[in-house]
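Each ligand, and each atom within it, is numbered from 1 in the order the structure gives.
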Amino acid sequence: MARRRQLYEGKAKILFEGPEPGTLVQYFKDDATAFNAQKKGTITGKGVLNNRISEYLMQRLGEIGIPTHFIRRLNMREQLVREVEIIPLEIVVRNVAAGSLASRLGIQEGTRLPRSIIEYYYKNDALQDPMVSEEHITAFGWASTHDLDDIVQLTLRVNDFLTGLLLGVGITLVDFKLEFGRLYENDEMRIVLADEISPDNCRLWDAKTGEKMDKDRFRRDLGKVEEGYQEVARRLGILPEAGVRDMKGPEVMQ
Ligand code: UDP
C-alpha cells in the first residue's frame with residue numbers, strides 16, 4: 001500500500017508529502033555520496049543516526065530562538081518538517097581550514113581561521129554547486145539582500161551555539177553547511193533553517209586528538225565510518241540504547 005506520495009529523492013534523503021498541508025516527511029537513507037556523486041556507498045545505520053542527531057541539534061537551536069523547519073521525529077528514520085521554499089544556496093561556515101578551503105587557498109588543514117568565514121555555493125548538481133558571491137545571489141534573484149542579512153545573522157548564531165555545544169562534548173566544529181527556506185504564514189514570510197545538521201554536512205574533529213568523526217571518513221576512505229557517526233551521537237548523549245543495528249525499519253516512537 002502506498003502510504004504517501006514521494007515528492008523528491010535526494011542523495012541522502014527522500015521527501016514525502018506530510019500528513020497535513022504544509023508539512024513534509026524527511027526520510028534519512030544510509031546512502032552516502034561524495035565528490036559530486038562520483039563516489040557512492042552505504043554507511044550502515046547512518047540514516048538512523050543523522051535523523052536523531054539532526055533532531056537533537058534543531059531542537060536545541062529552536063530553544064535559543066532559531067526558527068527551523070523541524071516539527072518532530074516520527075520514527076527511527078523519519079521526521080516531520082514544515083514545507084518551505086528552499087533557497088538554492090549552500091551556506092558554508094568555516095572555523096578551521098579544511099577541505100576545499102585548504103586546497104584552494106593552500107592553507108594547511110587544521111589551521112584555525114582568524115575569524116569565522118561564510119561562503120555561498122549555488123545549489124545545482126549539473127554545475128557541481130559552484131561558489132558564488134552576494135552579487136551573483138542578488139543579481140540572479142536567488143535571495144534578496146534582506147534575505148541574505150537574515151541568513152548571515154542566523155548562520156553566525158548557529159555557528160556560535162553549535163561550536164560551544166560541541167566543544168562541551170570534546171568536539172571541534174571545523175566547518176559545516178546549512179540550507180535555509182522561506183516559510184509563508186499569514187501573508188508573512190520568514191527565513192527558517194531547513195535540511196539537516198549531521199556528520200554528513202559538518203566536519204567534526206575530536207578536540208584533543210583531531211580524529212575525524214564525520215563524512216570525511218567516507219570521502220577519504222579512513223575506515224570506521226559508522227563508528228565516527230555513532231561517537232558523535234554517543235557524546236551528545238543520544239545514541240539509541242538498543243544500538244543502531246536494531247533500528248532498521250521505521251518504528252513509531254514518542
Ligand atoms: N558540504 C556539504 N555539502 C556539499 C558541500 C560541502 O554538506 O555539497 C559541507 C562539508 O561536509 C563540509 C563543509 O560543507 O563540512 C565544507 O565543505 P568543503 O567546501 O570543504 O567541500 P568538500 O571538501 O566537502 O568537497
Within 4.0 Å of some non-hydrogen atom of V92, the atoms of ligand 1 are 14 (O), 16 (C)

Of all protein heavy atoms, the one nearest atom 12 (C) of ligand 1 is D175 OD1, 3.2 Å

Per-residue contact class, D129 against ligand 1 - non-hydrogen pairs under 4.0 Å | side chain

R4: which of E17, E20, E78 passes salt bridge (charged side-chain N to carboxylate O under 4.0 Å, His left out) = E78

Tell me which part of K215 gets within contact of ligand 1: side chain, backbone, both or neither, using heavy atoms under 4.0 Å.
-> neither

Report, in ascending order of atom number, the atoms of ligand 1 lying under 4.0 Å from any heavy atom of Y121.
-> 19 (O)

Run the contact test for D216 against ligand 1 with a 4.0 Å cut-off on heavy atoms, strictly below, and give the result.
-> no

Find all atoms of ligand 1 within a distance of less than 4.0 Å from any non-hydrogen atom belonging to F176, and give their numbers and elements.
-> 15 (O)

Indicate yes or no: does E227 engage R217 in a salt bridge with an N to O separation below 4.0 Å.
-> no

Would you confirm whether any non-hydrogen atom of the protein falls under 4.0 Å from atom 5 (C) of ligand 1?
-> yes

Nearest to atom 8 (O) of ligand 1, what protein heavy atom do you find, and at what distance?
-> E90 OE1, 3.1 Å

Identify the protein heavy atom lying closest to atom 21 (O) of ligand 1, giving its residue, its atom name and the separation to 0.1 Å.
-> S100 OG, 3.8 Å

Proximal ligand 1 atoms for N201, defined as those under 4.0 Å from one of its heavy atoms | 7 (O), 9 (C), 11 (O), 15 (O)

Polar contact flag, side-chain donor to acceptor under 3.5 angstrom, S100-R94 | yes

For atom CZ of R115, decide whether the heavy atoms of other residues, nucleotides or ligands shown that lie under 6.0 angstrom number more than 12.
-> no

Quick one: list whatever passes side-chain contact (heavy atoms from CB on, under 4.5 Å) with R60, sequence neighbours left out.
-> Y56, E63, F161, L165

Check each of E109, Q128, R104, R203 against atom 23 (O) of ligand 1 and report the one with the nearest heavy atom.
-> R203

Would you confirm whether N51, through its side chain, and N75, through its main-chain N or O, come within 3.5 Å as a donor-acceptor pair?
-> yes

Do L74 and L24 share a hydrophobic cluster (ILVMFWY, side-chain heavy atoms under 4.5 Å, transitive)?
-> no

Test: D216 and R219 ion pair at under 4.0 Å | yes

So, K29 and D200, do they make that salt bridge, N to O below 4.0 Å?
-> no

With sequence neighbours left out, what residues match T155 under side-chain hydrogen bond (donor to acceptor under 3.5 Å, both in side chains)?
-> none

Under 4.0 Å from atom 25 (O) of ligand 1, is there any protein heavy atom?
-> no

Does the N or O separation between E119 and ligand 1 drop below 3.5 Å for any pair?
-> no

Atoms of ligand 1 less than 4.0 Å from R219 heavy atoms?
-> 10 (C), 11 (O), 24 (O)

D175 bridged to R203 by N-O distance under 4.0 Å = yes

Could you list the atoms of ligand 1 found under 4.0 angstrom from a heavy atom of R94?
-> 16 (C), 18 (P), 19 (O), 20 (O)

Pick one of side chain, backbone, both or neither for how C202 approaches ligand 1, counting any non-hydrogen atom pair under 4.0 Å.
-> backbone

For atom 9 (C) of ligand 1, the closest protein heavy atom turns out to be K177 CB, 3.7 Å

